[in-house]
Amino acid sequence: MAFISIKEYALKNKISIFNAMKLANSGKVETVKKVINGKEQIFIKDDAKISIVKEPKDEESIKELISEIEKLKQRVEELEKKLEYK
């Protein structure tokens with residue numbers, strides 16, 4: 001299997017280099033450490049994939065929040081009118 005540098009892995013998978021480092025250090029992807037020019041570098045397996053789970057947006061909760069905001073706006077208007085009459 002081919003191994004690529006952390007930077008190449010980040011570019012290939014469209015993630016930040018920092019996140020690629022975190023994946024490598026946590027052991028979520030297969031890695032190999034090699035000494036190049038006297039420095040130890042980490043290489044990630046080329047076909048190593050991780051599943052990034054994105055939470056689906058709840059349209060119901062968004063609609064509920066919008067309706068709640070509208071109710072609060074009406075309540076504020078009513079209270080402001082009461083203050084004007086006094």
Side-chain angles (χ1 to χ4, degrees):
M1 288 292 155
F3 287 86
I4 58 176
S5 69
I6 290 177
K7 184 177 181 180
E8 291 169 343
Y9 182 82
L11 289 172
K12 183 176 180 180
N13 292 293
K14 298 178 182 174
I15 60 174
S16 69
I17 294 173
F18 179 74
N19 284 337
M21 286 285 291
K22 284 182 12 181
L23 290 172
N25 291 335
S26 68
K28 292 184 180 178
V29 292
E30 189 175 338
T31 60
V32 171
K33 292 183 180 181
K34 296 182 183 178
V35 177
I36 298 178
N37 294 332
K39 293 182 181 178
E40 188 175 85
Q41 294 183 352
I42 300 173
F43 291 89
I44 300 174
K45 194 172 188 179
D46 189 20
D47 60 352
K49 295 273 183 181
I50 59 147
S51 60
I52 299 173
V53 179
K54 295 183 179 178
E55 294 181 19
K57 293 183 178 178
D58 259 345
E59 290 187 23
E60 292 296 321
S61 64
I62 292 173
K63 289 178 182 177
E64 290 174 5
L65 288 173
I66 291 172
S67 66
E68 185 70 25
I69 290 170
E70 293 300 321
K71 289 178 186 176
L72 289 172
K73 284 181 180 178
Q74 289 175 352
R75 176 95 193 257
V76 168
E77 287 177 10
E78 291 173 4
L79 291 173
E80 286 176 342
K81 286 180 183 178
K82 286 183 181 178
L83 285 175
E84 287 178 5
Y85 290 124
K86 289 186 177 182

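Count residues from 1 along the sequence.
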- Heavy-atom side-chain contact between Leu11 and Glu8 under 4.5 Å: no
*Is Ile36 linked to Val32 within one hydrophobic cluster, defined over Ile, Leu, Val, Met, Phe, Trp and Tyr using a side-chain heavy-atom separation of less than 4.5 Å?*
yes
In this structure, NZ of Lys82 is separated from CD of Glu80 (nearest 0.5 Å) by 12.5 Å
Rounding to 0.5 Å, atoms CD (Glu70) and CD (Gln74) come to a distance of 7.0 Å
* Treating Ile, Leu, Val, Met, Phe, Trp and Tyr as nodes and any side-chain heavy-atom pair under 4.5 angstrom as an edge, say whether Phe3 and Val35 lie in one connected cluster. => no
Here the pair of heavy atoms bringing Ala20 nearest to Tyr9 is CB-CD2, 4.1 Å
Rounding to 0.5 Å, atoms OG (Ser5) and NZ (Lys12) come to a distance of 11.5 Å
Is any side-chain heavy atom of Thr31 less than 4.5 Å from a side-chain heavy atom of Ile6? no
Q. Should Ile44 and Leu23 count as side-chain neighbours, where that means a heavy-atom distance under 4.5 Å?
A. no
